[in-house]
Amino acid sequence: MLTVAYDGTGYHGWQLQPGQKTVEGALNSCLFELTGEAVEVIGASRTDAGVHALGNIAVFDTAGPIPAEKFSYALNQRLPEDIRIQRSQEVAADFHPRRCESRKTYEYRIYNAPFALPSRRLYTHFTYVPLNIDLMRQAAAYLVGEHDFKSFCSVDTQAQTTVRRVDSVKISEERGMMRGRDGDKEEAETGAPCFGREIVIRVAGRGFLYNMVRIIAGTLMEVGRGHMEPQRVKEILEAKDRQKAGPTAPACGLTLVGYEFFP
């Protein structure tokens, strides 16, 4: 089992696609070079084009002599610099990451400031419209629990059911170098530049539908902008209609943080 981190900017998603550069394709190619076997990894999450990961999971079978814990070192010498194996380990032969009980966590990051910050353009979604975090938190509370998330799913989904369980939706604000938008006084006193703020929507659950987290993020941003009342989220869930929810937020702000597997 590989724990895989990647910058998804230059990839057409995780899953193999003819003629396209994908994370899965890069892993398969390097594993063939390393083992001489036609290895095909199985990914726990097939992230979309432009989506990043800190801890996606991939498994593969090999008859080679390389110890499991050494694959991370060997692969990282061959992989492009925007993909790195964080850990490699032996797992049971019948372990399949998409067929066992698990919880995965995503983060959607929003850079909220008067102007975009170039160094954050690949890893956050930029908006200059002020966002009310308190309203977003009120709206997010309606999403926690087991619901039919058909309104928060792409119409292209092939899922047999749109019922999913969301364990938590937490919204936080990160500052530090990025101070508040009303930080003129602080800037004058310290001499430090006052840019904006980074808002993080962290969603954990037992399974997600196609584009579900990005639609959640887009809807919560509509609430934060004042275009939608927080209680509308409850009505959107009940409507089971994609047209009732907010837009699908851009892929660049989304990162798959990691997985927890349960016995």
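As a basis for the values below, the full set of heavy atoms in this structure was taken, side chains included, without hydrogen atoms, waters or symmetry mates.
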Establish whether [X] and [Y] are linked, either directly or via other cluster members, by ILVMFWY side-chain heavy-atom contacts under 4.5 Å.
X: Leu131; Y: Val203; answer: yes
X: Leu135; Y: Val169; answer: yes
X: Val51; Y: Val41; answer: no
X: Val257; Y: Met212; answer: no
X: Phe208; Y: Ile57; answer: yes

Can a salt bridge be assigned to the pair [X] and [Y] using a cut-off of 4.0 Å between side-chain N and carboxylate O?
X: Lys244; Y: Glu235; result: no
X: Glu174; Y: Arg197; result: no
X: Glu146; Y: Arg164; result: no
X: Asp167; Y: Arg103; result: yes

Can you confirm whether the side chains of [X] and [Y] place a donor and an acceptor under 3.5 Å from each other?
X: Asp148; Y: Thr162; value: yes
X: Ser45; Y: Tyr106; value: yes
X: Thr62; Y: Glu37; value: yes
X: Arg121; Y: Thr9; value: no
X: Thr47; Y: Tyr6; value: yes
X: Asp7; Y: Tyr123; value: yes

So, the side chain of [X] versus the backbone of [Y]: is there a donor-acceptor pair under 3.5 Å, distance only?
X: His125; Y: Ala251; answer: no
X: His96; Y: Arg98; answer: yes
X: Arg214; Y: Ala249; answer: yes
X: His12; Y: Lys21; answer: no
X: Thr124; Y: Phe126; answer: no
X: Glu24; Y: Leu16; answer: yes
X: Thr219; Y: Ile215; answer: yes
X: Ser29; Y: Gly25; answer: no

Answer yes or no: does atom [atom1] of [X] have more than 12 heavy-atom neighbours from other residues, nucleotides or ligands under 6.0 Å?
X: Asp61; atom1: CG; answer: no
X: Gln231; atom1: CD; answer: yes
X: Glu101; atom1: CD; answer: yes
X: Gln89; atom1: CD; answer: yes

For this session: Would you please test Glu33 and Arg78 for salt bridge (charged side-chain N to carboxylate O under 4.0 Å, His left out) and show each step?
Result: CA-CA 9 Å; Glu33 179 185 335; Arg78 293 166 171 80; 3.5 Å; yes
Any heavy-atom pair between the side chains of [Y] and [X] that's under 4.5 Å?
X: Val223; Y: Glu229; result: no
X: Glu198; Y: Ile110; result: no
X: Cys100; Y: Phe95; result: yes
X: Lys234; Y: Leu237; result: no
X: Cys252; Y: Arg109; result: no
X: Met136; Y: Ile201; result: yes
X: Val163; Y: Phe149; result: no
X: Phe60; Y: Ile42; result: no

Just verifying a value: how many Å separate [X] [atom1] and [Y] [atom2], rounded to the nearest 0.5 Å?
X: Thr127; Y: Ile199; atom1: OG1; atom2: CD1; value: 9.0 Å
X: Leu2; Y: Ile85; atom1: CG; atom2: CD1; value: 4.5 Å
X: Arg46; Y: Asn56; atom1: CZ; atom2: CG; value: 11.0 Å
X: Glu69; Y: Arg87; atom1: CD; atom2: CZ; value: 10.5 Å
X: Asn112; Y: Met221; atom1: CG; atom2: CE; value: 10.0 Å
X: Lys70; Y: Leu34; atom1: NZ; atom2: CG; value: 13.0 Å

Looking only at non-hydrogen atoms, find the nearest pair between [X] and [Y] and report the distance.
X: Pro250; Y: Tyr108; answer: O-OH, 2.7 Å
X: Gln86; Y: Leu54; answer: CG-O, 4.1 Å
X: Ala26; Y: Ile83; answer: CB-CD1, 3.7 Å
X: Gly196; Y: Tyr111; answer: N-OH, 3.3 Å
X: Arg84; Y: Leu79; answer: NH1-O, 3.5 Å
X: Ala139; Y: Leu220; answer: CB-CD2, 3.7 Å

Exercise. Which is it for Phe32 and Val39 under the side-chain contact (heavy atoms from CB on, under 4.5 Å) test, yes or no, and what are the steps along the way?
Worked result: CA-CA 6 Å; Phe32 176 74; Val39 173; over 6 Å; no
Problem set entry | Aromatic ring proximity Phe152/Tyr210, centre distance under 6.0 Å |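 Aromatic pair excluded; centres sit 6.0 Å or further apart.
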Exercise. Using the ring of each side chain (for Trp, its six-membered ring), is Phe261 parallel, tilted or perpendicular to Tyr259, with breaks at 30° and 60°?
Worked result: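 Rings of Phe261 and Tyr259: parallel, as their planes differ by under 30°.
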Exercise. Between Leu254 and Glu107, does a side-chain contact (heavy atoms from CB on, under 4.5 Å) hold up when you go through it step by step?
Worked result: CA-CA 6 Å; Leu254 186 61; Glu107 285 185 351; over 6 Å; no
